[in-house]
A.B. asks: 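The structure is given below, and queries will be raised subsequently.
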Amino acid sequence: VQLQASGGGLVQPGGSLRLSCATSGLRLDDYAIAWFRQAPGKEREWVSCMDKTNLRIYYVDSVKGRFTVSEDNAKTTVSLQMNSLKPEDTAVYYCAADSRQYCTNYDGSPKLNYDYWGQGTQVTVSS
């Protein structure tokens with residue numbers, strides 16, 4: 001199984017970027033796919049997750065209404081469309097996949113342990 005994130009770059013506040021997570025060796029229908037990010041000096045933060053048990057997509061509050069996750073028709077790539085970017089979105093973004101197809105723990109908190117991780121892609125939001 002391999003995951004490869006791409007699409008990062010430098011963008012001005014208010015701008016947009018589209019990240020891609022290319023997958024191989026797995027069926028997207030069988031895996032929960034999540035996005036995480038890590039800003040300098042901060043802990044890794046869960047951003048979003050596609051749940052394959054209930055087909056819901058979850059987002060951290062800080063990106064709701066601005067970020068959108070989708071899968072391509074070929075079911076090999078997951079995208080993270082990021083609009084209205086803010087300086088606080090600056091981070092290295094990672095995609096991850098897990099054979100446990102759910103996104104949340106019993107208490108509703110986001111699951112943080114994933115089987116497979118891609119390398120990160122840097123997103124910098126600055127004027």
A.B. asks: Would a hydrophobic clustering, with Ile, Leu, Val, Met, Phe, Trp and Tyr connected at side-chain separations under 4.5 Å, put V11 with W35?
C.D. replies: yes
A.B. asks: Find out whether the Lys NZ or Arg CZ of R37 is both under 6.0 angstrom from the six-membered ring centre of Y93 and within 45° of the ring's axis.
C.D. replies: no
A.B. asks: Could you tell me whether the side chain of L10 reaches within less than 4.5 Å of the side chain of S126, counting heavy atoms only?
C.D. replies: yes
A.B. asks: Using a strict 4.0 Å threshold on nitrogen-to-oxygen distance, state whether K75 and D29 make a salt bridge.
C.D. replies: yes
A.B. asks: Under 3.5 Å, side-chain donor or acceptor atoms of residues 12-23 against the rest of the protein: list the pairs with distances, not counting sequence neighbours.
C.D. replies:
from: S16; atom 1: OG; to: N83; atom 2: OD1; distance (Å): 2.9
from: R18; atom 1: NH1; to: Q81; atom 2: OE1; distance (Å): 3.0
from: T23; atom 1: OG1; to: T76; atom 2: O; distance (Å): 2.7

A.B. asks: May I ask you to say whether E88 pairs ionically with K42, meaning some side-chain N is under 4.0 Å from a carboxylate O?
C.D. replies: no
A.B. asks: Does the side chain of V69 come within less than 4.5 Å of Y58's, by heavy atoms?
C.D. replies: no
A.B. asks: If you compare all heavy atoms of A34 against all heavy atoms of F36, which two are closest, and at what distance to 0.1 Å?
C.D. replies: CB-CE1, 3.7 Å
A.B. asks: Is there a donor-acceptor contact under 3.5 Å from the side chain of K52 to the main chain of Q101?
C.D. replies: no
A.B. asks: Donor-acceptor pairs are to be reported for all side-chain atoms of residues 113-125 against protein atoms at under 3.5 Å, with residues two or more places apart or in another chain.
C.D. replies:
from: D115; atom 1: OD2; to: S99; atom 2: N; distance (Å): 2.9
from: D115; atom 1: OD2; to: S99; atom 2: OG; distance (Å): 2.8
from: W117; atom 1: NE1; to: Y114; atom 2: O; distance (Å): 3.3
from: Q119; atom 1: NE2; to: A5; atom 2: O; distance (Å): 2.7
from: T121; atom 1: OG1; to: G8; atom 2: N; distance (Å): 3.0
from: Q122; atom 1: NE2; to: T124; atom 2: OG1; distance (Å): 3.3

A.B. asks: Below 4.5 Å, heavy atoms only, C-beta onward: do D98 and K111 meet side chain to side chain?
C.D. replies: yes
A.B. asks: Between CD1 of I57 and SG of C49, what distance do you get to the nearest 0.5 Å?
C.D. replies: 9.5 Å
A.B. asks: How long is the gap from OG on S70 to CE on M50, to the nearest 0.5 Å?
C.D. replies: 7.0 Å
A.B. asks: Please check if the side chain of E71 supplies one atom and the backbone of V78 the other of a donor-acceptor pair under 3.5 Å.
C.D. replies: no
A.B. asks: Would you call L28 and L26 a side-chain contact if the rule is heavy atoms closer than 4.5 Å?
C.D. replies: yes
A.B. asks: Can you tell me how far apart SG (C103) and CG (L112) are? Round to the nearest 0.5 Å.
C.D. replies: 11.5 Å
A.B. asks: Any side-chain heavy-atom pair from Q38 and E45 closer than 4.5 angstrom?
C.D. replies: no
A.B. asks: Nearest 0.5 Å, what's the CG-OG distance between D72 and S79?
C.D. replies: 7.0 Å
A.B. asks: Looking at S62, is its backbone amide N or carbonyl O close enough to the side chain of R66 to form a donor-acceptor pair, meaning the two atoms are under 3.5 Å apart?
C.D. replies: yes
A.B. asks: Indicate if Y31 and Y102 have the same hydrophobic cluster label, given that clusters are the connected sets of ILVMFWY residues with side-chain heavy-atom separations under 4.5 angstrom.
C.D. replies: no
A.B. asks: Do the side chains of D61 and K64 get close enough for a salt bridge, i.e. N-O under 4.0 angstrom?
C.D. replies: yes
A.B. asks: Taking the side chain as every heavy atom from C-beta outward, state whether F67 and L80 have any atom pair closer than 4.5 Å.
C.D. replies: yes
A.B. asks: Using atom types as modelled and distance alone, determine if a side-chain donor or acceptor of D51 lies under 3.5 Å from a backbone N or O of T53.
C.D. replies: yes
